[in-house]
Amino acid sequence: MSIQWFPGHMAKAKREVEEKLKLVDFVMELVDARAPLSSQNPMLKQVLQNKPKMIVLMKKDLADTRETKKWITYFKEKNIPAIAVNANDKEDIKYIIQTGKELGQEKMNKLIKKGIQPRPARAMIIGIPNVGKSTLINKLANKKIAKTGDKPGITKQQLWIKVKNDFDLLDTPGILWPKFEDEHVGYRLAAIGTIKDQLLPLQDVVAFVIKYIQEHYPSLLEERYAIDREMEDMWEIFVAIGKQRGALESGGNVNFDKVSDIVLNDLRTGRLGKITLESI
């Protein structure tokens, strides 16, 4: 599978990130805690090069806590500060600000040594679409600045935000990369709502999700849909979920598209349970 999706505003955003990078002291990269590696943009890795960076694993309340701890260790072993957050948790917001201050302090120390009056550190916040960037920005600024929504591609322009007196934050639009070579990456991003639902057959995405949950979280399928963990035929699984959740057409046939919507909605809202779709 090869997904091509690179709208004009994303190409423009990539160029602007490259241009503005020299203005900032460090980068705050947001990833989704349910797919921390798949939600990292490999194109941004090339753009950022050696710029100091921190990783923020968003939506930790929807992810498997044990797996999140493993991913934090993974990034820290690469000498990248990493924290997991729930944007609605005030303590998590404080932790992000403190980590950002520490990252920016190195640049401030250099200014002081040169006899230059220190200024607030400058950071750039980046991430793929629908990772929770706008919500986090509003929490960091303690007021509504960025538009929020559950659809990818809400932010379309760059914006400077003051985070108390601790640092200035440059918002950027979410950027995807032009092509997914690994189909599992595409399925994970589609499952968590990062890429638009129209880009992939949702039944295929849901089949991928169900197989993964069967392998790693079988009890959750039993609890939510009364699916026996020994059931392997995907057609039978869709039918069972459809009958259990009332996803029926006239005549009593199961509507597989409705089943797909139900499963994805349950996954994205956490009603299916705390699930991480990739592990180290």
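Below, each value reflects all heavy atoms present in this structure, side chains not excepted, and no hydrogens, waters or symmetry copies.
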Quick one: are the ring centres of Y212 and Y187 less than 6.0 Å apart? no

What I'd like to find out is whether the side chain of M58 reaches to under 4.5 Å of the side chain of V31, using heavy atoms alone. no

Can you tell me if CZ on R271 sees more than 12 non-hydrogen neighbours from other groups inside 6.0 Å? yes

Below 4.5 Å, heavy atoms only, C-beta onward: do I96 and L140 meet side chain to side chain? yes

Group every Ile, Leu, Val, Met, Phe, Trp and Tyr by side-chain heavy-atom contacts under 4.5 Å, then state whether W235 and I237 land in the same group. yes

Taking the side chain as C-beta and beyond, is there a heavy-atom pair between R122 and L170 under 4.5 Å? no

How far apart are the closest heavy atoms of R268 and L62, and which atoms are they? O-CD1, 3.4 Å

Heavy-atom closest contact (G186 atom, I195 atom, distance): O-CD1, 3.8 Å

Can you name the closest pair of heavy atoms from V56 and M54 and give their distance? CG2-CE, 3.9 Å

Minimum side-chain heavy-atom gap K20-M124 below 4.5 Å: yes

For a 4.5 angstrom cut-off between non-hydrogen side-chain atoms, does D197 reach D261? no

For residues 79-89, run the donor-acceptor check on the side chains, cut-off 3.5 Å, and write out each pair with its distance to 0.1 Å, sequence neighbours left out.
unit_1: N86; atom_1: OD1; unit_2: N88; atom_2: N; d: 3.0
unit_1: D89; atom_1: OD1; unit_2: E91; atom_2: N; d: 2.9
unit_1: D89; atom_1: OD1; unit_2: D92; atom_2: N; d: 3.4

Can you tell me how far the OG atom of S134 sits from the CD1 atom of I125, to the nearest 0.5 Å? 8.5 Å

When every non-hydrogen atom of V209 is compared with those of A191, the smallest separation belongs to CG2-CB, 3.6 Å

Approximate separation, where rounding is to 0.5 Å, of K94 NZ and T99 OG1: 14.0 Å

Rounded at 0.5 Å granularity, tell me how far CG in L267 sits from OG1 in T269. 8.0 Å

Is a side-chain donor or acceptor of K51 paired with a backbone partner of L21 at a separation under 3.5 angstrom? yes

Atom CG of L136 and atom NZ of K59: how far apart are they, to the nearest 0.5 Å? 11.5 Å

If you measure from OG1 on T68 to CG on L57, what distance do you get to the nearest 0.5 Å? 6.5 Å

Polar side-chain atom of T194 near backbone of A190 as donor-acceptor pair, under 3.5 Å: no

Residues pairing under side chain to side chain donor-acceptor pair (under 3.5 Å) where one sits in residues 239-254, two or more places apart or in two chains, turn out to be R245-D266, E249-N255

Is the shortest side-chain N to carboxylate O distance from D171 to K162 below 4.0 Å? no

Please examine the side chains of L272 and Y217, heavy atoms only from C-beta on, and report whether any two atoms are closer than 4.5 Å. no

Are Y74 and W71 close enough that their ring centers fall under 6.0 Å? yes

Nearest non-hydrogen partners of V254 and G242, listed with the distance: CG1-CA, 3.8 Å

Evaluation steps, side chain to side chain contact (heavy atoms under 4.5 Å, CB included), between F238 and V206: CA-CA 9 Å; F238 268 70; V206 170; 3.7 Å; yes

Are L23 and L111 in one and the same hydrophobic cluster, where Ile, Leu, Val, Met, Phe, Trp and Tyr link if side-chain heavy atoms are under 4.5 Å apart? no

Are the side chains of D25 and L103 in touch, meaning some heavy atoms are under 4.5 Å apart? no

Are any side-chain N or O atoms of K22 and backbone N or O atoms of E19, one a donor and one an acceptor, separated by less than 3.5 Å? yes

Working to the nearest 0.5 Å, report the span between CG of N142 and CD1 of I161. 13.5 Å

Using a 4.5 Å cut-off on heavy atoms from C-beta on, say whether the side chain of I192 contacts that of N130. no

Using 30° and 60° as the class limits, which term best fits the ring planes of F26 and F167: parallel, tilted or perpendicular? perpendicular

So, for A121 and M108, which heavy atoms are closest and what is the spacing to 0.1 Å? CA-CE, 4.0 Å

With a 3.5 Å cut-off and sequence neighbours excluded, list the donor-acceptor pairs that the side chains of residues 273-280 form with protein atoms.
unit_1: T276; atom_1: OG1; unit_2: D64; atom_2: N; d: 3.0
unit_1: E278; atom_1: OE1; unit_2: S38; atom_2: OG; d: 3.0
unit_1: E278; atom_1: OE1; unit_2: R188; atom_2: NH1; d: 3.4
unit_1: E278; atom_1: OE2; unit_2: L37; atom_2: N; d: 2.7
unit_1: E278; atom_1: OE2; unit_2: S38; atom_2: N; d: 2.7

